Amino acid sequence: MLSDLVREHPRLLSVSEFFTLLTDLGGRISACFPDSSISAAEFWSILADAPPKLATMLRHEVAMPEVLVRPSPSSRFGVESGVPAILQTTLPYLSDQPEAVYAELERFVATLPSAAVGEHYQQIFTWLTALFGKHSWVERSGGSLRIVGRLQASFPAAKFVHLVRDGRNCAISMSQHLGFRMALIAMQLTEILGVDPWESADRSGEGDLPDELFGFLPEHFDRQAFLDYTTPLPLCGHYWSGEMLAGLRELSTLAPERVLTLHYEDFEHSPHATIARLFEFIGDRVDDEWIDRMAARVRPARSRWTELDPRDLRALTDACEPGFAALAGC
Amino acid sequence: MTQTHLITGATGFVGAALVLELLERTPHDIVALVRPNQIGASERFRQALCKAAEVYDSLDLLAELGRCRVVAGDLFADGCGVDGLIDGGVTQVWHAAASLRFENRYRDEIRATNVEGTRRVLALAERLGAESFNYVSTAYVAGRATGSIPESRVRVDAIETNNHYERSKIDAEALVGASPMRTRIFRPSIVVGHSRTLAATAFSGFYGFIRQVAQFRGMVNRTQQGLLERSPVRIQIDLHADANLIPVDAVVHEAVAIAELDTSAGIFHLTHPSPPKVSTSMQTIFELLELHEPIFVSEREGFTWLDEQFDKRMDFYGSYIIGDKRFERARTDAAQTGSEPFAYSSVPVEALCRWYLDTLEASRRNLPVAR
């Protein structure tokens, strides 16, 4: 919803799902945020390397709906090579010719001097903003609270919008999301094997893998098992609480004028006022007519915790409790 | 009189310690039947023995390695793949090779190694005219039995097991018991590191349990940092149950002492006479991993989702933590009369855990960051 609102804005560039995909659903966070200055070639390597978990998902046709590209014979990038993260959602969201933009971006990046990775990211966002005739950019990635500390360090002048949703609805949504499913499976595989199996061929810990996870190793990924895999609601609830606890702690270090917390439910209950507040914070106000048009597009969320059976609801609510407590007052 | 001992599993945890024990305490020659890997059978054996000698502070024994001959073999092959490579003259066979895996997907491999492998080694021993067959089994062939566990055969069809591994060892014991050779079945409990150095060379059993707890902590931390530090996990255990941990050097000391007595035969429990409790061992593991002290319960009623996940991850270890098993060892003690007994002391659970957690930590340095 947020990405769509920004995309419709006449002067803002919507950089959608850039960091979620670039970090390969959270598996390549350090690689995407190196501590020291990097060259143009090193930065391009971050942008151009096909994220391996996303490649598995594309190869087995279980990509998330957010991924707008599919490997095709006419494409420069196929099933075997994988597709660079920026070409999966961000560029197709902006252009009908994403590979042409990608080729231009490659030429632009080659001109950049060595710099901190945050400066590189800002350079390409600014370049894209100019390319599409906009004034400023907004990056929106699902689950980006996980890297909010790194985003603060990389974008020291940026403002942050924290879009909050009832943890229970969020958990229901997560439990159905293929990307989140993949991230949680990868997390488990990684902790058990002692290495990320998409980044390392070391399988010395394979004997510890429970049977239910064995079929998700990249070398014998079982598509049907992946589709059938249930992501338990309490797990999603615990995850949500964890993100609230850690993310809010990190956001609290920012000056109050740099953070806006919006509740998803506010978009449903008072869409006009909430949209107006959002763009006022971003610093690019829009007229009432435009806001009314956008407000009419806001749809109620599909996930409804009120529809859960009492036992499931109790377990989920318990798991979300620390998150609710952390959010109280936001 | 010098004998020749044929050993399978000599590169494994108990097997390598057994070779060192035989080199130290007997003048016998050793034929090690080793499955070749990419470095070859001989080099694999040499590396395993050097490693064991190093971590058990027994480097001087490496001077005796000349008494060992390595034969490339394979328990999955007919005749163990050693036809013509070993002539007669084998006095005793030690069958220590085993699969310690437990997940269902390994069921065929577990049976092929532990049951069919034992059948082939028995046949080889008979063909070579061995006088004795020593089989390294496990005290956990007791399955779900509780109370006093006798040093006697288990009734194959009557015993309730916890997993394929236990079942395979029961079936293998039955094969050994039916052999016309003089057979000894050694049943160690949970084999842990050396009593002096604490070191181990393989990490199943107790170490597998610690590792699973560490992995569980890691998974939960990636979900919500510190959750298990703040919230206790409920664990179903028997508060009276022992964690029968036995140092690897105690296992091989007693096994060799018994095998050196020509007349000994039958089943022997190589178990600690005064083991720690499961509850205190588990508290120690949790404390060292900086987890909230667990709550011990007698049934699963009231388990939260997190408790259930922990329970599921520890399923294989159920036979270690649920049910109070007290292993009799009167036969083991009697069989060693006249030989120097192993000097048992209380098990240094905390030190063992610390040693392993340091080792584990070193192997998990390449984990990606969570944030």
Side-chain angles (χ1 to χ4, degrees), chain A residues 23-24 26-31 33 145-150 183-184 186-196 198-200 202 204-215 232-247 249-250 312 314-316 318-319 322-323, chain B residues 99-107 109-110 163-165 202-205 207-231 302-309 312-317 359-371:
Chain A
T23 58
D24 201 18
R28 285 187 157 182
I29 291 174
S30 326
F33 293 95
L145 262 187
R146 184 140 285 228
I147 53 167
V148 72
R150 291 176 188 266
L184 281 176
M187 243 181 225
Q188 296 177 71
L189 289 171
T190 298
E191 280 295 333
I192 295 171
L193 292 172
V195 293
D196 180 341
W198 275 269
E199 307 283 351
S200 164
D202 180 359
S204 51
E206 194 177 276
D208 281 349
L209 281 180
D211 288 333
E212 65 170 10
L213 290 177
F214 188 71
L233 279 178
L235 171 62
C236 300
H238 285 301
Y239 183 94
W240 179 81
S241 284
E243 291 309 281
M244 290 306 117
L245 291 167
R249 199 162 46 237
E250 284 171 322
D312 289 345
R314 195 175 325 114
L316 177 57
D318 286 349
Chain B
S99 168
L100 303 177
R101 295 186 187 272
F102 53 88
E103 289 289 346
N104 279 335
R105 66 180 178 278
Y106 297 120
R107 186 174 58 185
E109 180 201 308
I110 294 166
N163 49 57
H164 299 303
Y165 169 73
F203 306 109
S204 56
Y207 302 111
F209 182 85
I210 298 174
R211 193 167 59 247
Q212 296 269 8
V213 180
Q215 290 167 357
F216 187 74
R217 178 188 67 163
M219 286 188 271
V220 173
N221 268 345
R222 282 177 188 271
T223 305
Q224 186 183 136
Q225 182 67 39
L227 175 59
L228 292 176
E229 292 162 32
R230 296 187 294 272
S231 313
F303 266 17
T304 64
W305 178 82
L306 207 56
D307 301 334
E308 284 168 3
Q309 299 313 301
K312 202 164 116 190
R313 295 285 301 152
M314 303 302 148
D315 183 52
F316 174 68
Y317 301 94
T359 306
L360 186 64
E361 189 63 33
S363 71
R364 292 167 65 84
R365 287 196 182 124
N366 293 324
L367 282 173
V369 297
R371 305 192 82 82

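None of these values were measured; they are calculated from a predicted model.
- To the nearest 0.5 Å, atom CZ of residue R222(B) and atom CZ of residue R146(A) are 8.0 Å apart.
- A salt bridge links R371(B) and E243(A); the closest N-O separation between the charged side-chain nitrogens and carboxylate oxygens is under 4.0 Å.
- For the residue pair W305(B) and P232(A), the shortest heavy atom distance occurs at NE1-CB, 3.5 Å.
- Between chain B and the residues A183(A), C236(A), P210(A), the most heavy-atom pairs under 4.5 angstrom are made by P210(A).
- Looking at E199(A), neither its backbone nor its side chain comes within 4.5 Å of chain B, counting heavy atoms on both sides.
- Interface residue R230(B): only side-chain heavy atoms are found under 4.5 Å from chain A.
- Contact count versus chain A (heavy atoms, under 4.5 Å) is highest, among N366(B), L306(B), D315(B), N104(B), for N104(B).
- The most heavy-atom pairs under 4.5 Å with chain B, out of E250(A), M187(A), H238(A), Q188(A), come from H238(A).
- Heavy-atom pairs under 4.5 Å with chain B were tallied for I192(A), D318(A), L193(A); the largest tally goes to I192(A).
- Of the listed residues (S30(A), S200(A), G26(A)), the greatest number of heavy-atom pairs within a distance under 4.5 Å of chain B belongs to S30(A).
- Contact residues of residues 214-221 of chain B toward chain A are Q215(B), G218(B), M219(B) (heavy-atom distance under 4.5 Å).
- Taking G323(A), A315(A), S241(A) one by one and counting their heavy-atom pairs under 4.5 Å with chain B, the maximum is reached by S241(A).
- Residue K312(B) holds its NZ atom at 4.0 Å from CD of E212(A), rounded to the nearest 0.5 Å.
- Nearest heavy atoms, G27(A) versus P368(B): O-CB, 3.8 Å.
- The nearest pair of heavy atoms linking A370(B) to I29(A) is O-CD1, 3.5 Å.
- For a residue to count as touching a neighbouring chain, one of its non-hydrogen atoms must lie under 4.5 Å from one of that chain's; by this rule L227(B) touches chain A with the side chain only.
- Atom CD in Q224(B) sits 5.5 Å away from atom CG in L245(A) (nearest 0.5 Å).
- Note: D208(A) CG to S204(B) OG = 10.0 Å, rounded to the nearest 0.5 Å.
- Interface check for chain B: of the options D202(A), I147(A), L184(A), T190(A), the most heavy-atom pairs under 4.5 Å are formed by T190(A).
- Taking the side chain to side chain contact (heavy atoms under 4.5 Å, CB included) definition, one finds that R105(B) meets it with L209(A), D211(A), F214(A), E103(B), sequence neighbours left out.
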